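Only one structure is covered here, and it is reproduced in the block below.
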Amino acid sequence: MEGNGIFLVVLLLFSLAAISTAQICPEGSPKLFVFGDSYVDTGNWPKNVRGPWKEPFGITFPGKPTGRASDGHVLTDHIASFLGIESPTPYQLKDTSKNIQQGLNFAYGGSGVFPSTWAKDSLSVQIDQFEQLLDENEYSQRDLDNSVALVSTGANDYSLYSAAKKGSNDGLPAFTEGLVNQLAADLQRLAHLGVKNIVVATLPLLGCLPVHIIPPNSYQNCDEESNENAMIHNQLLRKAVEKLKTDDGNKCTFVILDLYNAMVSAIDQFRQNAANTEYKNPLQPCCSKIVDYMCSVEGVCTNPESSFFFDLGHPSDNGWNAIFSFLRGSLLKDLKV
């Protein structure tokens, strides 16, 4: 009897472990592969460089820096939660992670569609990294059959263009066309690699990011020219994605994630509720002191969970919660997982 009791205890412990593992990574759960910039990067920014691995990032969640350009969650976390999985491991941490079966995050803060001096990993390089893992059989065809690629990029390309042109829009239409064409080619490449669902975000509300507010540091008026440029980009992106949907070689589902209009709605909602919050102005970032383009600990507001923007370019944890509430419906409608 004693031997049987020991056997039953061991069997029970084994069963509980199996259940726990299944809950962490249930068989058949979708794989999420993430590509883009700091709106979706969850830890690929270098740890030894000033930025989201340093305080005050992460002060709302989880209470310490995690490589996210926010005081808490970013877009990737919301998409992963929507899919019922944990946020995928950042690519640079894959060798020390015990679990990459949720997928991987290749996104790199500061990167864009085109190569830049800001970040070494453009969208094409990120896809190269993904393809190499497929060549090494890290993921099977079965994994890809139940996979989602999240792509959010392009804003940094326009920042670099504006800096190079010193604010002039000369040549911008041709630049936008070339950028969208390259982005479409990258999306098509992901489809040809076997990803079954590709979710691509539009450009955000560029002109209402605190860095673009007119006049500077007033946090009153959005730069409508930047917003107009973002809308033109997004219109071309929609046309490019519609064309990809009709290509005979593509057997995946393409979903446009309308980040621009979700931000419009979320900011309007923030203003309507402003009477009940510490922050009356959604355009005023929590972080008021910027050093080397990054938020400084000395400049953080006392109540970041009430803000909409954490710093000059990134929504706060609260901001992302509001934005995703307006994105969820389109994912429920269009995403086939």
Side-chain angles (χ1 to χ4, degrees), residues 22-36 39-40 42 73-89 99-107 123 126-127 130-131 133-134 137-154 180 183-204 234-263 265 320-321 323-337:
Q23 288 173 339
I24 294 173
C25 186
E27 185 176 355
S29 62
K31 306 289 185 290
L32 177 60
F33 301 106
V34 185
F35 308 87
Y39 273 27
V40 287
T42 57
H73 300 89
V74 295
L75 180 58
T76 296
D77 301 305
H78 289 280
I79 299 294
S81 179
F82 175 85
L83 295 173
I85 61 174
E86 298 175 354
S87 278
T89 298
N99 180 24
I100 63 171
Q101 289 309 305
Q102 304 281 6
L104 272 176
N105 189 333
F106 301 88
L123 181 57
Q126 294 171 28
I127 298 174
F130 176 53
E131 184 172 14
L133 291 179
L134 296 183
N137 297 316
E138 193 68 57
Y139 296 101
S140 67
Q141 184 58 53
R142 183 181 178 184
D143 291 331
L144 294 178
D145 287 342
N146 195 24
S147 63
V148 177
L150 170 63
V151 180
S152 179
T153 188
V180 172
L183 177 53
D186 289 331
L187 297 176
Q188 186 173 50
R189 183 179 168 199
L190 284 171
H192 288 169
L193 287 173
V195 178
K196 294 304 180 185
N197 299 275
I198 299 177
V199 178
V200 55
T202 67
L203 284 182
N234 292 338
Q235 289 169 356
L236 291 178
L237 177 61
R238 289 179 184 280
K239 291 179 180 179
V241 169
E242 286 302 316
K243 184 176 184 303
L244 288 174
K245 288 179 179 179
T246 61
D247 285 353
D248 293 336
N250 287 333
K251 298 180 180 179
C252 69
T253 298
F254 289 92
V255 177
I256 288 282
L257 203 61
D258 193 349
L259 193 54
Y260 184 100
N261 283 306
M263 290 185 77
S265 298
W320 276 121
N321 287 338
I323 292 166
F324 189 74
S325 71
F326 291 99
L327 295 173
R328 186 179 180 84
S330 64
L331 289 173
L332 286 169
K333 176 176 174 287
D334 299 324
L335 193 57
K336 312 299 183 184
V337 291

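This structure is a prediction, so every number in the text was calculated from the model and none was measured. Atoms considered below: every heavy atom in the structure, side chains included; atoms not considered: hydrogens, waters and symmetry mates.
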Minimum heavy-atom distance between M263 and P204, given as atom pair plus value: SD-CB, 3.3 Å
Donor-acceptor list for residues 77-84 side chains, cut-off 3.5 Å, not counting sequence neighbours:
from : atom 1 : to   : atom 2 : distance (Å)
D77  : OD1    : R68  : NE     : 3.4
D77  : OD1    : R68  : NH2    : 2.8
D77  : OD1    : S87  : OG     : 2.5
D77  : OD2    : R68  : NE     : 2.9
D77  : OD2    : V74  : N      : 2.9
H78  : NE2    : N321 : OD1    : 3.4

Any side-chain heavy-atom pair of L144 and L134 under 4.5 Å: yes
By salt bridge (charged side-chain N to carboxylate O under 4.0 Å, His left out) - contacts of E131 (at least two apart): R189
Listed partners of F254 passing ring pair (Phe, Tyr, Trp, His ring centres under 6.0 Å), at least two apart: none
Rounded distance [0.5 Å steps], CZ in F35 versus OG1 in T153: 12.0 Å
K245: partners by salt bridge (charged side-chain N to carboxylate O under 4.0 Å, His left out), with sequence neighbours left out: E242
Residues that S147 engages under side-chain hydrogen bond (donor to acceptor under 3.5 Å, both in side chains), provided they are two or more places apart: none
Parallel, tilted or perpendicular, as decided by the 30° and 60° cut-offs, for the rings of F106 and F130: perpendicular
Non-neighbouring partners of D186 that pass side-chain hydrogen bond (donor to acceptor under 3.5 Å, both in side chains), sequence neighbours left out: S124, Q182
Gap separating the NZ atom of K196 from the CG atom of N146, nearest 0.5 angstrom: 11.0 Å
Passing candidate, side chain to side chain contact (heavy atoms under 4.5 Å, CB included) with I256, options N234, V200, V199: V200
Heavy-atom side-chain proximity of I100 to L133 below 4.5 angstrom: no
With sequence neighbours excluded, residues passing side chain to side chain contact (heavy atoms under 4.5 Å, CB included) with Q235: none
Shortest non-hydrogen contact between V40 and A107, atoms and distance: CG2-CB, 3.6 Å
For D143, salt bridge (charged side-chain N to carboxylate O under 4.0 Å, His left out) partners two or more places apart: K31
All N/O donor-acceptor pairs, side-chain side in residues 328-337, below 3.5 Å, sequence neighbours left out:
from : atom 1 : to   : atom 2 : distance (Å)
S330 : OG     : L327 : O      : 2.9

Side chains of L190 and F33 in contact at under 4.5 Å (non-hydrogen atoms): no
Separation between CD of E86 and CG of L32, rounded to the nearest 0.5 Å: 12.0 Å
Polar side-chain atom of Q188 near backbone of L244 as donor-acceptor pair, under 3.5 Å: no
Nearest atoms (heavy-atom pairs only) where P88 meets V34: CG-CG2, 4.0 Å
Which residues share a side chain to side chain contact (heavy atoms under 4.5 Å, CB included) with D258, sequence neighbours left out: T202, R238, Y260, N261
From CD1 (I85) to CD (Q101), nearest 0.5 Å: 11.0 Å
Taking every non-hydrogen atom, the tightest pair across A191 and I198: N-CD1, 3.7 Å
Atom pair OG1/NE2 of T42 and H73 - distance to nearest 0.5 Å: 11.5 Å
Verdict with supporting geometry, L257 and L75, side chain to side chain contact (heavy atoms under 4.5 Å, CB included): CA-CA 11 Å; L257 203 61; L75 180 58; 4.2 Å; yes
Test item: V255 and N197 side chains (from C-beta on) under 4.5 Å apart, heavy atoms: no
Shortest non-hydrogen contact between L237 and A201, atoms and distance: CD2-O, 3.9 Å
